[in-house]
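Here is the structure we will look at, set down as structure tokens.
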Protein chains: 2
Amino acid sequence: MIDQNIKIAVDAIVFGYEKGTLYVLAVQQRFGKLADRWVLPGGFILNDEPLINAVERELREEAGITVNYLEQLATFGDNVKRDERFRVISVAYFALVNPKNFVLKADTDAKDAKWFDVAQLPVLGYDHNEMIKLAHQRLKSKLTYQPIGFDLLDQEFLFSDLENLYCSILERDIDRRNFRKKILSFGIVTETDKVVKIGSSGRPGKLFTFDKAKYNQILKENFQFDIRFA
Amino acid sequence: MIDQNIKIAVDAIVFGYEKGTLYVLAVQQRFGKLADRWVLPGGFILNDEPLINAVERELREEAGITVNYLEQLATFGDNVKRDERFRVISVAYFALVNPKNFVLKADTDAKDAKWFDVAQLPVLGYDHNEMIKLAHQRLKSKLTYQPIGFDLLDQEFLFSDLENLYCSILERDIDRRNFRKKILSFGIVTETDKVVKIGSSGRPGKLFTFDKAKYNQILKENFQFDIRFA
DNA sequence: TAATTTTGTGTTGTTTTTACACAAATTAAG
DNA sequence: CTTAATTTGTGTAAAAACAACACAAAATTA
């Protein structure tokens, strides 16, 4: 039998978006050498637990949330000292959630759970800043070729919400007219008949929804989502 | 201390290309229950060995090759029975090599090493066919937005070689004139003054090389490689 | 009532993409 | 040696996509 003494963990980089700011979820460690340090939600997997289940479990336990979108990001196992106690290889997952849908609730290993502005992150434990950096890149590039932005928004949203999400995450200006034209041309965003005025002044706008069924359908017909702007 | 009893392995999906055919490297297992079965090169990692080193070591040991391009693909750990002996989580790597550069040489755990036509793969051990499928998709999509095709070709190649590589891997026709125009417009492929006639008849062609330094340089200037054709 | 804010909409010039055909250099066959 | 076959090499025109740009409508606030 192989003499291997390595532990396996999962970690999740969960992004949330609200009013022009991109957040990432972190939890405050309750136990161990890094007690009180902020780290990504995650932990060791159980012997008979699929990786993906482990991530979902940790997110439920440590922060009380269920994400909208979840995919494997990368496995961190080149730095054999990334955990100073013993060797741990971590499979990092990338997730999206609408923060409004949950009240964070820390439990088990986590003393607290909090949203951090991605632009003003503290130093987290382990190599978790590195993980977030990679996830952030993934988010930016994926936003342009897969309609995952909707997983960060309310089910019904104003066109300006979508627009602002793209602007702030991609960190560039987008022409409102061209953006709207492009998105609508895909036929995966439908206009509801609801009209709302958000907070302050200005003309009320119509609410829109993302038609996921339609998206899945046209995917089969070789549709390619693609938002790229100068 | 955590009671975790899971082993970690790496596996490599190594693609090779020759004369219009895409190959994947497999090795014949020497030991164990799956003795004689063809599987992907790979194996358990050592306690203090970075993942990437493990892959390179296994490729050296089991097949005698060093690849041109290597990147992490995905980690397979949702199916807890993917290895029937005990739970093994495998980190799969995606690699490219020019088969002409090496004579395959099986050793250690491998009884034999061979190139298999990707279009006519036998059933391999474990979940390795699934891994290949995923890697194949990655190859196809990556070919369109990163100049990795060159890692499958000789250092000096005919334009038609590059063209045929794209045609055969992407499984579609490409207009020769438009393809050449597009590639040359990037300025990362340079014409040598060598002229060769390959094998049979026809007008001799000039040899070209991929200018990696130039590519890396213009990458910094926000260059985006992109080959997409109807 | 006027000023401010936000939504909603079309056109035009520029660039990129697509579609397409014939001459030049060589080998093979008659 | 002449003709046929094969492969390389090249340009243009029509169509589609993209980029740039401004003003009216509906509401709130002053």
Side-chain angles (χ1 to χ4, degrees), chain A residues 19-20 143-145 153-154 156-168 170-209 218 221-230, chain B residues 19-20 143-145 153-154 156-168 170 172-209 218 222-230:
Chain A
K19 296 192 198 94
L143 214 49
T144 68
Y145 65 87
L153 291 177
D154 293 345
E156 297 188 317
F157 51 86
L158 291 170
F159 227 100
S160 56
D161 293 333
L162 188 62
E163 205 181 290
N164 290 332
L165 184 147
Y166 271 83
C167 286
S168 46
L170 298 180
E171 293 171 297
R172 52 188 155 90
D173 290 346
I174 289 180
D175 182 277
R176 279 172 57 229
R177 282 166 291 189
N178 293 339
F179 179 76
R180 177 186 270 250
K181 221 182 306 174
K182 186 75 171 273
I183 293 277
L184 289 177
S185 76
F186 295 152
I188 57 179
V189 164
T190 53
E191 186 177 313
T192 69
D193 48 9
K194 295 178 200 157
V195 169
V196 279
K197 50 181 190 305
I198 288 298
S200 57
S201 63
R203 174 174 170 173
K206 296 209 186 92
L207 288 175
F208 292 80
T209 58
I218 61 180
E221 297 155 14
N222 253 354
F223 167 71
Q224 177 60 22
F225 182 86
D226 192 4
I227 295 284
R228 295 213 287 254
F229 291 91
Chain B
K19 296 190 197 94
L143 213 50
T144 67
Y145 65 87
L153 292 176
D154 293 344
E156 298 188 315
F157 52 86
L158 291 170
F159 227 100
S160 55
D161 293 333
L162 188 62
E163 204 182 291
N164 291 330
L165 184 147
Y166 271 82
C167 287
S168 45
L170 299 180
R172 52 189 156 88
D173 291 347
I174 289 179
D175 182 278
R176 279 173 57 230
R177 279 166 293 187
N178 293 338
F179 180 77
R180 177 187 269 250
K181 221 181 308 174
K182 186 76 170 274
I183 293 277
L184 289 177
S185 75
F186 296 151
I188 57 180
V189 164
T190 52
E191 184 177 314
T192 69
D193 48 8
K194 294 179 203 161
V195 169
V196 279
K197 50 182 191 300
I198 288 298
S200 56
S201 65
R203 173 174 171 173
K206 296 207 187 93
L207 287 174
F208 292 80
T209 59
I218 61 179
N222 253 354
F223 167 71
Q224 178 60 22
F225 182 87
D226 191 3
I227 294 284
R228 294 212 288 251
F229 291 91

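In what follows, chains are A, B, ... by sequence order, proteins preceding strands, each numbered from 1. Fair warning: this is a prediction, and the values are worked out from it, not measured in the lab. The figures that follow rest on heavy atoms only: side chains count, while hydrogens, waters and symmetry mates do not.
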Do the side chains of A:I183 and A:F159 get nearer than 4.5 Å, heavy atoms only?
-> yes
Partners passing side-chain hydrogen bond (donor to acceptor under 3.5 Å, both in side chains) against B:K182 (at least two apart in sequence or in another chain) = none
Extract from the structure each pairing of a protein N or O with an N or O of nucleotides 1-7 of chain D at less than 3.5 Å, listing the distance.
| unit_1 | atom_1 | unit_2 | atom_2 | d |
| --- | --- | --- | --- | --- |
| D:dT6 | O4' | B:S201 | OG | 3.4 |
| D:dT7 | O2 | B:R203 | N | 3.1 |

Test side chain to side chain donor-acceptor pair (under 3.5 Å), reference A:T209, set A:T192, A:T190, A:D154, output is A:T190
Check side chain to side chain contact (heavy atoms under 4.5 Å, CB included) between A:T144 and all other residues, then give those that pass, not counting sequence neighbours.
-> A:L170, A:R228
Review item, side-chain donor-acceptor pairs of residues 161-168 of chain B, under 3.5 Å, at least two apart:
| unit_1 | atom_1 | unit_2 | atom_2 | d |
| --- | --- | --- | --- | --- |
| B:D161 | OD2 | B:L158 | N | 3.0 |
| B:N164 | ND2 | B:S160 | O | 3.0 |
| B:Y166 | OH | B:L143 | O | 3.0 |
| B:S168 | OG | B:N164 | O | 2.7 |
| B:S168 | OG | B:L165 | O | 3.4 |

What distance separates B:L153 CG from B:F208 CZ, expressed to the nearest 0.5 Å?
-> 13.0 Å
Could you tell me the separation between the CG atom of A:L158 and the C1' atom of D:dA26, rounded to a whole number of Å?
-> 14 Å
Grab the CG-C1' distance between A:L162 and C:dG8 for me, whole Å please.
-> 16 Å
Partner of B:I218 under side chain to side chain contact (heavy atoms under 4.5 Å, CB included), picked from B:F225, B:F186, B:F223, is B:F223
Separation of atom CD in A:E163 from atom P in C:dG8, rounded to whole Å = 10 Å
Take the protein atom CG of A:D226 and the nucleotide atom P of D:dA16, then report the distance between them rounded to whole Å.
-> 19 Å
Separation of D:dA16 atom P from B:R228 atom CZ, nearest Å, is 19 Å
Please list residues of residues 174-185 of chain A whose heavy atoms come under 4.0 Å from any atom in DNA chain D, ordered by number; otherwise none.
-> A:D175, A:R177, A:N178, A:K181, A:K182
Take atom CZ of A:F208 and atom C1' of C:dT6, then tell me their distance rounded to the nearest Å.
-> 14 Å
Partners passing side chain to side chain contact (heavy atoms under 4.5 Å, CB included) against B:K181 (at least two apart in sequence or in another chain) | B:N178
